[in-house]
**Student:** 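Below are the structure tokens for one structure; questions will follow.
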There are 2 protein chains.
Amino acid sequence: MADDARGRLIDAAGRAFAERGFEGASVRDICSDAGVNVAAINYHFGDKQSLYVACLEQAQCSESQQPLRAADPSLPPEARLHGFIRGMLAAQGDPDRPLWHNALMLREMAHPTSAAAEVLKRYIRPLAETLREILEQLSPGVSGMPHDGWPVGFSVVSQVLFYAVHRPVARLLMGEAEHDALDVDFLADHIARFSLAALGRGPAIVGPSAAPSAGTRKTVSR
Amino acid sequence: MADDARGRLIDAAGRAFAERGFEGASVRDICSDAGVNVAAINYHFGDKQSLYVACLEQAQCSESQQPLRAADPSLPPEARLHGFIRGMLAAQGDPDRPLWHNALMLREMAHPTSAAAEVLKRYIRPLAETLREILEQLSPGVSGMPHDGWPVGFSVVSQVLFYAVHRPVARLLMGEAEHDALDVDFLADHIARFSLAALGRGPAIVGPSAAPSAGTRKTVSR
DNA sequence: CGACAATTCAAACGTCTGTTTGAAACAATC
DNA sequence: GATTGTTTCAAACAGACGTTTGAATTGTCG
């Protein structure tokens with residue numbers, strides 16, 4: 001990213017932490033990867049722990065609020081939800097954004113350190129509130145459902161997070177070829193349709209792949 | 001669990017690996033926790049790595065095929081799906097089963113080591129095939145959907161996995177009190193209804209908490 | 001150029017890591 | 001009780017770890 005030592009250090013460390021975890025990544029590997037001396041960590045950051053939080057800040061600070069921008073408030077709620085989902089999916093594989101940004105935050109969220117609270121406040125919470133707003137606009141009263149409607153929001157984002165967290169499993173289950181054939185647009189479309197149908201704001205996920213299923217809406221048996 | 005050294009070692013190691021990861025857990029901590037000498041690892045397992053796969057095997061071998069049994073084939077498919085979901089959720093907090101079993105396998109699946117393939121074959125694959133069978137029974141043709149219908153299955157299980165993987169986030173987002181008020185039966189019900197509605201096999205997730213929503217089925221606007 | 005601060009470097013620091021050793025303790029068999 | 005095999009133990013092993021040091025290097029300004 002940046003060609004100064006500090007920047008290269010954050011980039012190398014971010015990749016290492018995201019891939020092998022905090023204790024799994026050694027400072028010697030990181031520095032070797034960044035092409036700097038081991039003492040550079042102490043000089044620029046103080047210690048390994050501070051380098052870690054610097055990586056976490058870098059991961060948040062980047063223009064990664066894609067889902068928020070994508071969910072343009074002037075659009076109808078169905079399109080907003082689709083944009084939100086597509087934005088979250090796209091952030092995972094954005095070539096302009098280092099791949100480790102998402103992975104590192106997911107790691108932090110799954111096994112929180114002391115830095116987790118900050119990530120949640122600055123990164124997760126805004127996403128959650130935007131989603132809640134979209135859902136409320138989509139089907140009013142969802143915030144009044146049990147547990148403040150959180151489970152509904154979780155049901156939506158969980159589908160997106162699955163492809164980030166469990167990508168290895170999906171790959172092994174589907175087979176490499178089939179998995180690599182998945183693309184962001186298809187997945188965004190699937191998740192949006194699945195969720196909209198669950199909320200009663202769209203047709204059910206049924207019928208063969210090519211059929212538009214416009215008029216042939218199947219009815220529920222029971 | 002077992003009161004012999006080998007058993008106590010697996011239990012202590014399983015907890016440590018699940019909580020702090022493979023490199024995060026030191027053999028000295030593990031042995032101290034198990035009340036055995038450090039050399040016991042070498043004697044009973046050979047090395048740390050072999051102890052790790054022993055933990056993984058223990059996690060699979062346990063009677064953790066709850067979702068499979070719960071999805072009784074003689075029941076109607078809606079009930080089978082509900083049982084499957086409830087079984088997966090229950091496995092996470094089963095008091096008869098050490099808490100680390102699920103956590104350890106989730107860690108292995110999110111960041112696979114060489115042992116991941118075995119876990120997938122023996123533990124994940126059977127679950128996936130059972131779910132596929134239930135979904136196919138529920139709405140025939142789902143296996144013929146794009147990408148062999150995998151995304152539909154992923155949309156279902158992802159909702160369940162969310163509460164295992166991202167429990168800390170959910171807790172922080174909802175607040176401790178609200179999160180602790182969630183129970184397995186409520187979540188299973190929510191996820192099953194959300195998924196059935198998405199598949200067009202049940203009413204949408206709408207209306208206030210107490211309303212039975214039996215006759216007041218809302219219609220889609222667009 | 002000379003003076004000064006910022007940065008990099010090879011080398012070493014003490015600590016912790018996983019692993020091994022050989023003797024001691026235990027259990028079972030004759 | 002002696003003998004055999006199994007299991008545990010304190011102690012030490014070499015190596016990797018994160019961190020620190022003080023000198024060497026670079027860049028910047030007068």
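Everything quoted here is computed from the prediction, not taken from an experiment. All chains are named by letter (A, B, ...) in the order of the sequence lines, taking the proteins before the strands, and each is independently numbered beginning at 1. Heavy-atom basis, side chains included; hydrogens, waters and symmetry copies ignored.
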**Student:** Taking only residues at least two apart or on different chains, which pairs with a member in residues 107-117 of chain B satisfy salt bridge (Lys or Arg N to Asp or Glu O under 4.0 Å)?
**Tutor:**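 Qualifying pairs: none.
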
**Student:** If the condition is ring pair (Phe, Tyr, Trp, His ring centres under 6.0 Å), which residues does B/Phe45 pass it with, not counting sequence neighbours?
**Tutor:**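 With sequence neighbours excluded, B/Phe45 shows a ring pair (Phe, Tyr, Trp, His ring centres under 6.0 Å) to no residue whatsoever.
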
**Student:** With the sugar-phosphate defined as primed atoms, P, OP1 and OP2, and the base as all remaining atoms, what B/S/- string results for nucleotides 18-29 of chain C, 5' to 3', for protein heavy atoms under 4.0 Å?
**Tutor:** BBBB--------

**Student:** Residues two or more places apart in sequence or in another chain: which of them pass side chain to side chain donor-acceptor pair (under 3.5 Å) with B/Trp100?
**Tutor:**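 Once residues adjacent in sequence are excluded, the partners of B/Trp100 under the side chain to side chain donor-acceptor pair (under 3.5 Å) criterion are B/Asp11.
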
**Student:** The criterion is salt bridge (charged side-chain N to carboxylate O under 4.0 Å, His left out); which residues satisfy it with A/Asp47, sequence neighbours excluded?
**Tutor:** none

**Student:** Run B/Glu133 and B/Arg80 through side-chain contact (heavy atoms from CB on, under 4.5 Å) and show every step you take.
**Tutor:** CA-CA 10 Å; B/Glu133 180 202 323; B/Arg80 290 189 73 192; 3.1 Å; yes

**Student:** Nearest whole Å is fine: how far is C/dT8 P from A/Phe45 CZ?
**Tutor:** 11 Å

**Student:** Name all residues meeting the side chain to side chain donor-acceptor pair (under 3.5 Å) criterion together with B/Arg125; count only those two or more places apart in sequence or in a different chain, and write none if there are none.
**Tutor:** none

**Student:** Quickly work out the B/Tyr43 OH to D/dG5 P distance and round it to whole Å.
**Tutor:** 13 Å

**Student:** Given atom CZ of A/Arg6 and atom C1' of C/dT8, what is their separation to the nearest angstrom?
**Tutor:**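 Taking atom C1' of C/dT8 as the reference, CZ of A/Arg6 is at 16 Å.
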
**Student:** OP1, OP2 of C/dA6 versus side-chain N and O of A/His44: anything below 4.0 Å?
**Tutor:**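 Checking C/dA6 against A/His44, no side-chain N or O comes under 4.0 Å of OP1 or OP2.
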
